[in-house]
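Letters A, B, ... are given to chains in the order of the sequence lines, protein chains preceding strands, and every chain is numbered from 1.
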Amino acid sequence: KAGVTQTPRYLIKTRGQQVTLSCSPISGHRSVSWYQQTPGQGLQFLFEYFSETQRNKGNFPGRFSGRQFSNSRSEMNVSTLELGDSALYLCASSLSDRVGDNEQFFGPGTRLTVL
Amino acid sequence: DAKTTQPPSMDCAEGRAANLPCNHSTISGNEYVYWYRQIHSQGPQYIIHGLKNNETNEMASLIITEDRKSSTLILPHATLRDTAVYYCIVRGSARQLTFGSGTQLTVLP
């Protein structure tokens, strides 16, 4: 079974631009979560989608948004990019939206650099 | 979800067992203990998780104390490729995984 795939793997943007990142979950997985990883803040949760609905959201400004399609693929968008948005953006998928006993599997991430 | 405490770093000789401790003294009855690892600049990799009983899979063993206040991840025969940051996460009602600082495990030749 193929793992979680993320595109693009690397991206360079300038301040003020917007960016869209894509995630394809493991086949059959319906839940997709997004995380941001920076050297200063570590791994932080952005949001989770299940069956095209946002189920949970982390503490990030409204510039960060996402969506999920009927085939469970997900995109996240960051508008008006700031230098501090430079990070590794990680997508994780899981089979269901059950809490507790429900492992998440991560993709390789998209490395975003904002100049 | 309960917080966890892990040592910031550990070394292990190649071929020996690596025992990574984690304290979670405030864990509640319905919270699971998860372990992930992250090799430099890659996505975190799921290793194992458990509730009360010890668990074993092809990668590792998870030993949870009877009072569930601490656990140990055991890599039975560490290799250089096991060098990574290991995260112990307690997860119950929260939908997301909350990552701490983890333990940097360095496997030495």
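Under the 4.5 Å side-chain heavy-atom criterion for ILVMFWY residues, a single connected hydrophobic cluster contains both A/F47 and A/F60. Linking Ile, Leu, Val, Met, Phe, Trp and Tyr residues whenever their side-chain heavy atoms come within less than 4.5 Å leaves B/L108 and B/L80 in two separate clusters. No continuous path of hydrophobic side-chain contacts links B/L73 to B/I63 [ILVMFWY only; heavy atoms under 4.5 Å]. Cluster annotation: A/L83 and A/V19 are assigned to the same hydrophobic cluster (Ile/Leu/Val/Met/Phe/Trp/Tyr, side-chain heavy-atom contacts under 4.5 Å, transitive).
Residue contact with chain B, scored on non-hydrogen atoms closer than 4.5 Å, involves the side chain of A/R111 exclusively. Neither the backbone nor the side chain of B/Q45 comes within less than 4.5 Å of any heavy atom of chain A. Within the 4.5 angstrom heavy-atom criterion, atoms from both the backbone and the side chain of B/S41 approach chain A.
The number of heavy atoms from other shown groups lying within 6.0 Å of CG (B/D67) is above 12.
Qualifying side-chain hydrogen bond (donor to acceptor under 3.5 Å, both in side chains) partners for B/S71, counting only residues two or more places apart in sequence or in other chains: B/H24.
Contact annotation for residues 7-17 of chain A against chain B (heavy-atom separation below 4.5 Å): no residues qualify.
Grouping Ile, Leu, Val, Met, Phe, Trp and Tyr residues whose side-chain heavy atoms lie under 4.5 Å apart, directly or via other members, places A/F105 in a hydrophobic cluster with A/V4, A/I26, A/Y35, A/L43, A/F45, A/L88, A/L90, A/F106, B/Y32, B/Y34, B/Y36, B/Y46, B/L51, B/V85, B/Y87, B/I89, B/L97, B/F99.
Inspection of the A/Q104 and B/Q96 side chains reveals no N or O donor paired with an N or O acceptor under 3.5 Å.
Applying the side chain to side chain donor-acceptor pair (under 3.5 Å) rule to pairs touching residues 38-49 of chain A yields A/S31-A/E48, A/E48-B/R95, A/Y49-A/Q54, sequence neighbours excluded.
B/R91 contributes no side-chain N or O that, together with a main-chain N or O of A/E103, makes up a donor-acceptor pair within less than 3.5 Å.
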